[in-house]
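The shown structure was predicted, so the numbers you read here are calculated from the model rather than taken from an experiment. Numbering of residues begins at 1 and proceeds along the displayed sequence.
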Amino acid sequence: MENTALAFNWELDLEILGMLPFEDFNQFDINFYHPGSKSKPEYHTYQKVREEKLSINDQEFSCWVLKIEHNEKQWSEFWIDQQTFKVLQIRDFFY
């Protein structure tokens, strides 16, 4: 079955992630596509895995941490400020 749902440009993921309703949900399935790619849009699951403090330049920020698993040996985490909804830090993990 072809995916005909609204898809989002994956180049805008940092802007999109900051708009998610973290207070209400812990999981988000987002239909992303790569512009100019021959591959079709595909759903990717992001999970709010925790809340934690992040220190940057002697400032402390309360953040939601969002995780996406690319495969069993690769994932990414995003720290999103609870005040501004901006992505403040990204970490990629590879094993």
Side-chain angles (χ1 to χ4, degrees):
M1 177 179 231
E2 187 171 325
N3 179 359
T4 58
L6 178 65
F8 298 95
N9 178 339
W10 212 335
E11 302 299 323
L12 299 174
D13 64 333
L14 299 183
E15 290 82 357
I16 291 168
L17 296 179
M19 295 189 299
L20 297 174
F22 295 102
E23 297 89 354
D24 299 326
F25 300 98
N26 291 321
Q27 181 172 312
F28 306 93
D29 296 317
I30 304 173
N31 195 19
F32 278 124
Y33 72 95
H34 284 288
S37 172
K38 293 181 182 179
S39 60
K40 297 186 186 292
E42 185 178 351
Y43 280 94
H44 299 272
T45 300
Y46 291 79
Q47 291 186 310
K48 181 176 73 174
V49 292
R50 64 186 178 278
E51 295 182 22
E52 74 180 35
K53 303 285 185 190
L54 177 67
S55 293
I56 301 174
N57 296 333
D58 297 325
Q59 281 190 298
E60 192 169 87
F61 300 89
S62 295
C63 294
W64 294 292
V65 181
L66 198 62
K67 179 179 182 180
I68 180 172
E69 292 187 12
H70 306 292
N71 59 52
E72 61 190 32
K73 294 186 176 186
Q74 179 183 358
W75 68 92
S76 300
E77 292 185 345
F78 303 81
W79 280 255
I80 301 170
D81 181 32
Q82 293 179 359
Q83 294 275 340
T84 65
F85 299 93
K86 292 182 181 180
V87 176
L88 300 179
Q89 177 173 272
I90 303 168
R91 288 189 187 166
D92 294 314
F93 299 87
F94 302 90
Y95 290 95

Exercise for the section: Using the ring-ring contact (aromatic ring centres under 6.0 Å, His included) rule, pick out the option among Tyr46, Phe78, Phe8, Phe22 that qualifies with Phe28. Expected result: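 Only one option passes, and that is Phe22.
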From [X] [atom1] over to [Y] [atom2], what is the distance, rounded to the nearest 0.5 angstrom?
| X | Y | atom1 | atom2 | result |
| --- | --- | --- | --- | --- |
| Glu11 | Asp13 | CD | CG | 7.5 Å |
| Glu42 | His34 | CD | NE2 | 9.0 Å |
| Cys63 | Ile56 | SG | CD1 | 7.0 Å |
| Phe94 | Asn71 | CZ | CG | 9.0 Å |

Exercise for the section: State whether the side chain of Asn31 and the backbone N or O of Leu6 hold a donor-acceptor pair below 3.5 Å, judged by distance alone. Expected result: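 Pair found, side chain donor or acceptor close to backbone of Leu6.
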Handout entry: Donor-acceptor contact below 3.5 Å, side chain Asn57 vs main chain Gln59
Key =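 No, because the side chain of Asn57 does not come within donor-acceptor range (under 3.5 Å) of the backbone of Gln59.
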Practice task
May I ask you to check whether Lys53 and Ser62 show a side-chain donor-acceptor distance below 3.5 Å?
Solution key: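 Result is yes, a qualifying pair exists.
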Pairwise side-chain contact, [X] with [Y], heavy-atom cut-off 4.5 Å (strictly under):
| X | Y | value |
| --- | --- | --- |
| Glu52 | Leu54 | no |
| Gln27 | Thr45 | yes |
| Tyr33 | Lys40 | no |
| Ile80 | Leu20 | no |
| Ile30 | His44 | no |

Handout entry: Electrostatic pair Glu69:Lys67 at N-O distance under 4.0 angstrom
Key =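 Salt bridge: yes.
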Hydrophobic clustering (ILVMFWY, side-chain heavy atoms < 4.5 Å, transitive) - are [Y] and [X] grouped together?
| X | Y | answer |
| --- | --- | --- |
| Trp79 | Met19 | no |
| Phe85 | Phe61 | no |
| Val49 | Leu66 | no |
| Trp75 | Ile68 | no |

Handout entry: Atom CD of Glu72: over 12 foreign heavy atoms under 6.0 Å
Key =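 Count not over threshold, so no.
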Problem - For the student: nearest non-hydrogen atoms of Asp81 and Trp64, plus distance - result: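 Distance-wise, the nearest heavy atoms are O-CZ3, 4.0 Å.
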